[in-house]
Amino acid sequence: GLKKKEVNVLCLGLDNSGKTTIINQLKPSNTQTQDIVPTIGFNIEKFKSSSLSFTVFDMSGQSRYRNLWEHYYKESHAIIFVIDSGDKLRMVVAKEELDTLLNHQDICSRRLPVLFFANKSDLREAMSLVKVSQLLCLENIKDKPWHICASNAVKGEGLLEGVDWLQDHIK
Ligand code: GTP
Ligand code: MG
């Protein structure tokens, strides 16, 4: 059969936002893990959509590891940026990291797609997708295709909508 096109995706966001839980849900069920622990450094994971074969760099969001992120910008074809919708206190930190990312020399000149997951939408205190978009000033991103999905990574809700969008926007 036809070989799927191989693409590299970088999964970013603060620690505890749910990056590894999201990537784990997207993997084939026989390779999913039950116990997810905070990521040290990063992990490389693979999953497929109908037309693409994804290699995901699942980065640690802990502050001490965030300096690793930029080393993978050049080789990435898209970014997944995960936000904990319930973490109001750290939304400004998430915005700072997003702004730093978008202003980086290896990112700012490229039209690479950015998919946002407003994750943990199941939490009682979760902010709406609209609220998260406003706090991150997403409407200011004019030079890249971007999309935001509400998600519940524990149940796997909202994830495939995001992957479908990515598949349609990766060149
Ligand atoms: P680092 O690797 O430290 O950067 O964190 P991470 O972004 O990979 O977060 P991880 O996937 O390890 O999830 C952190 C915690 O949030 C875990 O206890 C998850 O079970 C939980 N979690 C992830 N997604 C959701 C969600 O959608 N809803 C709820 N309620 N909890 C979630
Ligand atoms: Mg992780």
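Any value given below was found using the heavy atoms of this structure, including those in side chains, with hydrogens, waters and symmetry copies removed. Note that ligands are numbered from 1 as they come in the structure, with each ligand's atoms numbered from 1 the same way.
The shortest N/O to N/O separation between Pro38 and ligand 1 does not fall below 3.5 Å. Any N or O atom pair closer than 3.5 Å counts here, and Ser121 shares no such pair with ligand 1. At a 3.5 angstrom cut-off on N or O pairs, Ser17 counts as close to ligand 1.
A salt bridge links Arg90 with Asp15: the closest approach of a Lys/Arg side-chain nitrogen to an acidic carboxylate oxygen falls below 4.0 angstrom. With respect to the salt-bridge test (charged N to carboxylate O, under 4.0 angstrom), the residues Asp58 and Lys19 do not qualify.
Contact annotation: the side chain of Leu14 never approaches that of Asp84 to less than 4.5 Å [non-hydrogen atoms, C-beta and beyond]. Between Thr33 and Thr20 the shortest side-chain heavy-atom distance does not fall below 4.5 Å.
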Exercise. Before giving the answer on side chain to side chain contact (heavy atoms under 4.5 Å, CB included), spell out for Trp146 and Leu138 the whole-Å C-alpha distance, their side-chain angles and the decisive distance to 0.1 Å.
Key: CA-CA 8 Å; Trp146 62 269; Leu138 297 188; 3.6 Å; yes
Quiz prompt | Ser17 and Asn119: CA distance, side-chain angles, deciding distance, side chain to side chain contact (heavy atoms under 4.5 Å, CB included) verdict | solution = CA-CA 7 Å; Ser17 56; Asn119 193 40; 5.9 Å; no
Self-check item: Verdict with supporting geometry, Ile80 and Leu166, side chain to side chain contact (heavy atoms under 4.5 Å, CB included)
Solution: CA-CA 9 Å; Ile80 297 175; Leu166 262 190; 4.0 Å; yes
Practice problem: Go through Gln134 and Val130 one step at a time and tell me if the side chain to side chain contact (heavy atoms under 4.5 Å, CB included) criterion holds. | Solution: CA-CA 6 Å; Gln134 286 171 347; Val130 170; 3.9 Å; yes
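The side chain of Leu123, and not its backbone, has at least one atom closer than 4.0 Å to an atom of ligand 1 (non-hydrogen atoms only; side chain from C-beta on). Residue contacts with ligand 1, taken as heavy atom pairs separated by less than 4.0 Å, involve Asp15 via backbone and side-chain atoms alike. Residue contacts with ligand 1, taken as heavy atom pairs separated by less than 4.0 Å, do not involve Asp84 at all.
Looking at atom 5 (O) of ligand 1, its nearest protein heavy atom turns out to be Asn16 N, 3.0 Å. What sits closest to atom 13 (O) of ligand 1 on the protein, heavy atoms only, is Thr21 OG1, 3.5 Å. Scanning the protein heavy atoms around atom 28 (N) of ligand 1, the nearest turns out to be Asp122 OD1, 2.8 Å. What sits closest to atom 32 (C) of ligand 1 on the protein, heavy atoms only, is Val154 CG2, 3.5 Å.
Short contacts between ligand 1 and Ala153, defined as distances under 4.0 Å to a heavy atom of the residue, involve ligand atoms 24 (N), 26 (C), 27 (O). When each atom of ligand 1 is checked for a heavy atom of Thr39 under 4.0 Å away, the hits are 1 (P), 2 (O), 3 (O). Heavy-atom contacts of Ser60 reach the following atoms of ligand 1: 4 (O) (cutoff under 4.0 Å). In the vicinity of Ile36, heavy-atom distances shorter than 4.0 Å reach the ligand 1 atoms 11 (O), 12 (O). Residue Lys19 has at least one heavy-atom neighbour below 4.0 Å for each of these atoms of ligand 1: 1 (P), 4 (O), 5 (O), 6 (P), 7 (O), 8 (O), 9 (O), 11 (O). When each atom of ligand 1 is checked for a heavy atom of Gly18 under 4.0 Å away, the hits are 6 (P), 7 (O), 9 (O), 10 (P), 11 (O), 13 (O), 23 (C).
Between Thr31 and Asn24, the closest heavy-atom pair is O-OD1, 4.5 Å. Here the shortest heavy-atom pairing between Arg110 and Ser76 reads NH2-O, 2.6 Å.
For the pair Gly13 and ligand 1, no heavy-atom separation below 4.0 Å is found. Assignment of Asn119 to the shell around ligand 1 is supported, since a heavy atom sits closer than 4.0 Å. Assignment of Leu14 to the shell around ligand 1 is supported, since a heavy atom sits closer than 4.0 Å.
Classification of the His104-Tyr73 ring pair by plane angle, with boundaries at 30° and 60°, yields perpendicular.
Angle OG1(Thr39) to the Mg ion (ligand 2) to OG1(Thr20), rounded to 10°: 90°.
A donor atom on one side chain and an acceptor atom on the other are not found under 3.5 Å apart for Ser121 and Asn152.
Protein heavy atoms are absent from the 4.0 Å sphere centred on atom 18 (O) of ligand 1.
Nearest to atom 26 (C) of ligand 1 by heavy-atom distance, out of Arg66, Lys120, Glu157, is Lys120.
Heavy atoms of other residues, nucleotides or ligands lying less than 6.0 angstrom from NZ of Lys88 number more than 12.
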